[in-house]
Amino acid sequence: MTLTTSRSVADESAGYDPAAVEEKWQARWEAQRTNRADLDGGPRPHFVLMMFPYPSAEGLHIGNLFAFTGNDIYGRFQRLRGHTVFEPIGFDAFGIHSENYALKVNVHPLELIPRNIENFRRQLRRAGLMLDWDHELSTTDPRYYKWTQWIFLQLLDRGLAYKQRAAVNWCPFDKTVLANEQVINGACERCGTAVEQRFLEQWFFRITDYAPRLLENLDWIDWSDSTKTAQRNWIGKSEGAEIIFRVNEDRGSRTEEGAIRVFTTRADTIFGATYLVLAPEHPLVRPLTTEARRAEVDAYVERTARQDLTTRKSVQARQKTGVFTGSFAKNPATGEAIPIWIADYVLMEYGTGAIMAVPGHDERDFEFATTYGLPILRVVAEDISRAEVPLEAAYADDEGGVLVHSAQFDGLTVPEAKRRIIAWLEAAGSAKPVVHYRLHDWCISRQRYWGPPIPIIYCDECGMQAVPEKDLPVILPNVRDFRPDDTGISPLARHEEWYRVPCPECGKMGRRETDVSDTFLDSAWYFLRYPSTEFDDRPFDPERTRKWLPVASYIGGNEHAVLHLLYSRFITMVLHDLGHIDFEEPFKRFRAHGMIVREGAKMSKSRGNVVVPDEYIREWGADAFRTYLMFLGPFEEGGDFRDQGISGVKRFLDRLWVTVLERREDGEPDANVMRKLHQTIRKVGDDIPRLSYNTAIAAMMAYVNVLRAGERRAHRAEVEPLVQLVSPFAPHIAEELWERSGRTGSVFDAGWPAFDASLAAEELITVAVQVNGKTRGTIQVTPNISQDGALAAAMADPGIAKFVTGPPKRVIYVPGRLLNIVV
RNA sequence: GCGAAAGUGGCGGAACUGGUAGACGCGCAGGACUUAGGAUCCUGUGGGGCAACCCGUCCGGGUUCGAGUCCCGGCUUUCGCACCA
């Protein structure tokens with residue numbers, strides 16, 4: 001990268017000096033409070049939200065800035081359209097990320113985070129975002145996390161928070177538990193270490209209670225499809241039946257222990273269920289194991305327990321293994337006794353932890369049956385005539401086939417058979433229709449230091465007590481020794497002076513809960529806090545909330561599709577149900593932005609190809625940098641950052657600058673130019689709401705090219721609206737040019753230029769002429785010309801007429817676009 | 001394996017509900033102005049052909065007057081989910 005010769009503001013014949021212009025306007029915005037929204041009095045409120053950043057030591061990265069700029073352009077546009085736009089900013093500063101970094105550099109997070117935030121503030125100001133700094137928040141501020149703790153208590157009160165000893169994901173590197181959503185392919189999403197299974201007392205939120213609603217609302221909220229699909233998959237609804245298999249009937253067992261409940265989505269295949277499989281952790285494994293099989297079964301159970309989740313769940317190691325328990329169950333459809341096995345491919349955490357195995361129609365069961373020589377029956381066939389064709393692989397199609405070898409159900413289609421067989425079994429008391437979700441309850445406790453303490457006190461007399469609301473916040477103490485250890489107990493537990501506290505009920509000495517809550521709880525409600533940051537006696541003011549929420553436009557990365565975005569929806573629903581807010585979906589519109597790569601490759605510190613925004617802004621200016629980021633490609637798809645490309649955008653801004661400054665005030669504007677102007681106004685105004693920023697910029701570039709063609713100087717009426725069009729993208733230069741056009745006040749209070757369709761209409765339009773579908777030329781005609789008129793005009797063109805070798809068999813005329821002559 | 005999206009010049013990318021493929025920009029080539037240019041301005045730029053023209057949107061079929069766009073089959077890439085019963 002080379003430095004362009006810096007020009008003074010005085011020498012402006014070829015361009016402008018972004019540093020001077022941008023500094024001037026950033027200072028003026030600050031002094032005149034241009035970017036502050038009047039939250040109480042402002043008309044037509046419009047809340048534009050961007051995912052608040054984690055204030056890392058490295059500073060703002062390109063992905064942040066890409067998202068923020070895209071959001072800012074949308075917000076500025078809405079403001080120009082007459083809305084009061086609230087564009088707040090905050091910092092997601094709690095969490096393992098910060099804590100691990102603090103440990104690494106050996107600086108306390110209480111010192112580190114304010115420093116990082118200060119750097120972020122500087123960078124965000126320099127980027128020219130229309131941020132309302134009056135409502136800045138940080139999740140680490142006791143004034144904020146007081147209410148994070150309050151939300152916990154709301155859930156606790158409603159029975160939606162509970163503590164349970166459970167198998168949890170434990171990261172041995174970060175030394176903490178992880179939510180299921182934070183485990184990727186059996187590894188910690190943060191450090192990549194293989195996650196272990198541990199049994200610990202943990203706090204959970206009953207998000208599964210909300211699974212149906214979280215799923216159903218996806219049908220009507222205006223979100224990116226990719227995000228909705230990701231949430232649907234994560235919630236993972238599957239409809240099926242629970243079927244009861246009686247066991248050891250020969251021994252006369254009729255107790256509950258004598259029954260195995262299995263979950264299946266393929267009740268239609270029950271005539272092909274030739275064995276059962278229990279998860280090794282299943283409580284019935286022990287009672288069902290016969291003496292003869294005990295040693296082998298115990299060994300297998302123990303082996304599985306030792307195995308870490310990565311290996312167990314990994315696709316590579318999916319060699320099916322299992323052991324026969326020695327017991328049999330009765331297939332309720334056939335009445336036959338079928339063997340009961342245990343195998344680690346059945347997971348205790350899903351369904352009932354037990355399955356009926358149908359090797360003929362399930363790949364996993366087929367593989368298992370093949371390995372252990374269990375019978376494989378065909379009960380579904382492509383059609384009746386193939387009923388006796390042996391299966392070489394599982395036939396798992398659950399739509400196309402028909403039933404065979406299934407007694408009175410033979411010949412039914414699979415969907416029909418599902419209904420009929422479930423009903424038949426239900427009548428006999430051995431089945432019921434059931435819906436299962438993959439979604440698990442949200443484990444929110446973390447055995448770490450850097451988070452909001454969970455507001456609970458344990459008393460030997462009174463048991464578990466919620467910290468009374470008047471005692472909130474429970475302040476996170478400033479302790480020097482916050483390194484987590486391998487015990488699974490929070491570092492706060494080592495600080496007796498903090499955790500010793502009187503019981504709020506009886507006053508005797510109790511002890512505090514020493515776990516802190518998950519960072520994702522902090523970020524699951526921050527948008528509710530923004531409009532109400534000045535109130536300390538309530539989490540969100542009812543008036544303000546009614547006026548500003550739900551969020552009108554939310555923009556963020558799709559990496560949060562199942563974490564932050566799902567949790568936010570859940571917390572919002574809970575607060576709605578508790579009567580605190582009158583809406584149940586937090587974000588009216590959400591759009592996922594794309595990713596920025598560099599020279600076709602992913603950016604990463606290890607590759608050393610990270611774009612540092614500061615450097616580019618210093619050299620090219622924030623306006624050029626913003627506009628370039630938006631010009632790279634479709635906002636929702638991201639783009640490829642190439643260093644050379646930014647010069648084109650800077651050139652565009654320079655040409656804009658010169659054109660506006662050289663404008664003439666006398667005479668009349670050119671009708672042709674005005675036509676292009678209004679076409680551009682329409683195009684940009686259409687493109688911005690759809691986030692098609694790259695094409696909006698292209699249209700403005702094309703218009704500047706029109707203005708600069710030939711020797712003429714542009715008229716004021718031709719350039720002034722262009723300054724308004726550019727302003728959401730390049731706010732500083734727009735303000736400067738607005739002022740230099742003799743206007744007073746901010747361009748952002750000047751409104752959006754009016755579009756006049758009559759001015760945009762062309763007098764003559766170009767119609768493509770095809771002969772037999774091949775384009776042979778164009779004709780210039782009036783827009784309302786008839787088909788015959790267009791045909792006559794085409795035939796008058798010798799270059800076209802020569803292809804018309806006979807009388808036209810057919811003529812197709814698409815008005816204003818195309819004429820096709822078929823001969 | 002399942003699900004979603006996408007394959008267009010040397011490159012990033014345009015093309016609304018099927019209607020002039022390649023807008024806009026980068027790069028490149030030539031020219032102007034210059035002591036100079038990695039500044040600025042002008043011109044050209046999908047491939048082939050002297051030309052008339054021909055060929056071109058991952059590959060192969062199809063529907064249509066007309067297909068980058070729709071349908072069928074295949075290939076490739078990216079991103080989710082992944083022994084979920």
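Residue numbering restarts at 1 for every chain, and letters A, B, ... go by the order of the sequence lines.
Distance check on atom C1': rG37(B) versus rU45(B) gives 23 Å, rounded to whole Å. Look at the P atom in both rG13(B) and rC65(B): the space between them is 36 Å, to the nearest Å. To the nearest whole angstrom, the two C1' atoms, one in rC50(B) and one in rA5(B), are 47 Å apart. Here, rG31(B) and rG68(B) have their C1' atoms 36 Å apart, quoted to the whole Å. For the C1' atoms, the distance from rU57(B) to rU69(B) is 10 Å, rounded to whole Å. Spacing of P atoms, rC75(B) relative to rA21(B), comes out at 31 Å, to the nearest Å.
Put simply, NE2 on H361(A) is 22 Å from P on rG1(B), counting in whole angstrom units. Rounded to an integer number of Å, the gap from L215(A) CG to rC84(B) P is 19 Å.
The shortest distance between side-chain heavy atoms of T208(A) and Y437(A) does not fall below 4.5 Å. For the pair R266(A)/V380(A), a side-chain contact is recorded, criterion being any heavy-atom separation below 4.5 Å from C-beta on.
Within the nucleic acid shown, F803(A) comes within 4.0 Å of sugar-phosphate atoms alone, with no base atom in reach, counting heavy atoms only. Residue K228(A) is out of contact with every strand shown, counting any heavy-atom pair closer than 4.0 Å. Using a 4.0 Å heavy-atom cutoff across all strands shown, Q644(A) reaches sugar-phosphate atoms only and no base atom. Residue contacts for L632(A): at a heavy-atom cut-off of 4.0 Å it reaches the sugar-phosphate backbone alone, with no base atom in range.
The listed nucleotides are rG3(B), rC11(B), rC16(B); the one nearest the side chain of T229(A) is rG3(B). Taking every side-chain heavy atom of F631(A) into account, rG12(B) is the closest of rA85(B), rC81(B), rG12(B). Looking at the side chain of R651(A), the nearest of the listed nucleotides rG19(B), rC83(B), rC41(B) is rC41(B). Nearest to the side chain of T695(A), among rG80(B), rA14(B), rC24(B), sits rA14(B). Set against rC16(B), rC53(B), rA85(B), the side chain of R776(A) has rC53(B) as its closest nucleotide. Checked against rG12(B), rC53(B), rC83(B), the side chain of D344(A) finds its nearest nucleotide in rC83(B). For S647(A), the side-chain atoms get nearest to rG27(B) when compared with the rest of rG27(B), rC81(B), rA85(B). Among rC11(B), rC24(B), rU40(B), the nucleotide with an atom closest to any side-chain atom of A702(A) is rC24(B). With rU20(B), rA82(B), rG80(B) as the choices, the nucleotide that has an atom nearest any side-chain atom of R438(A) turns out to be rA82(B). Nearest to the side chain of R364(A), among rC16(B), rC83(B), rC81(B), sits rC83(B).
Within the shown strands, nothing qualifies as a pairing partner of rU57(B) under the Watson-Crick or G-U definition with both distances less than 3.5 Å. When both distances must be under 3.5 Å, the Watson-Crick or G-U wobble mate of rC50(B) does not exist. Pairing of rA15(B), defined by two Watson-Crick or G-U wobble distances under 3.5 Å, is not identified with any nucleotide. The base-pairing partner of rG1(B), taking Watson-Crick or G-U wobble contacts with both distances under 3.5 Å, is rC81(B).
Salt-bridge annotation for K802(A) and D797(A): absent, with no side-chain N of the basic residue lying under 4.0 Å from a carboxylate O of the acidic one. In this structure, K683(A) pairs ionically with D687(A), as a charged nitrogen and a carboxylate oxygen lie closer than 4.0 Å. Ion pairing between a basic and an acidic side chain is recognised when a charged N comes within 4.0 Å of a carboxylate O; R712(A) and E662(A) show no such pairing.
At rC79(B), none of the side-chain N or O atoms of S226(A) fall inside 4.0 Å of OP1 or OP2 (strictly under the cut-off). Not one side-chain nitrogen or oxygen of N820(A) sits closer than 4.0 Å to the OP1 or OP2 atom of rG19(B). Between R655(A) and the phosphate of rU40(B), there is no side-chain N or O to OP1/OP2 separation shorter than 4.0 Å. Distances shorter than 4.0 Å separate some side-chain N or O of K774(A) from OP1 or OP2 on rC55(B). Phosphate contact (OP1/OP2 of rA23(B), side-chain N/O of K676(A), threshold under 4.0 Å): absent. A close approach under 4.0 Å does occur between a side-chain nitrogen or oxygen of R810(A) and OP1 or OP2 of rC65(B). Distances shown here put a side-chain N or O of N705(A) below 4.0 Å from the OP1 or OP2 atom of rG25(B).
Taken from OH in Y345(A) to NZ in K320(A), the straight-line distance is 7.0 Å, to the nearest 0.5 Å.
Along RNA chain B, the nucleotide closest to T775(A) and the one closest to G633(A) are compared, and the more 5′ of them pairs with G633(A). When each of I646(A) and V822(A) is assigned the nucleotide of RNA chain B with its nearest heavy atom, I646(A) is the one assigned upstream, toward the 5' end.
A parallel orientation is assigned to the rings of Y616(A) and F625(A), their planes being inclined by less than 30° (bins at 30° and 60°).
Between Y275(A) and F368(A), the ring centre distance stays below 6.0 Å.
A donor and an acceptor atom never sit less than 3.5 Å apart when one is taken from the side chain of N233(A) and the other from the base of rC81(B). Between the side chain of K320(A) and the base of rC83(B) there is at least one donor-acceptor pair of N/O atoms closer than 3.5 Å.
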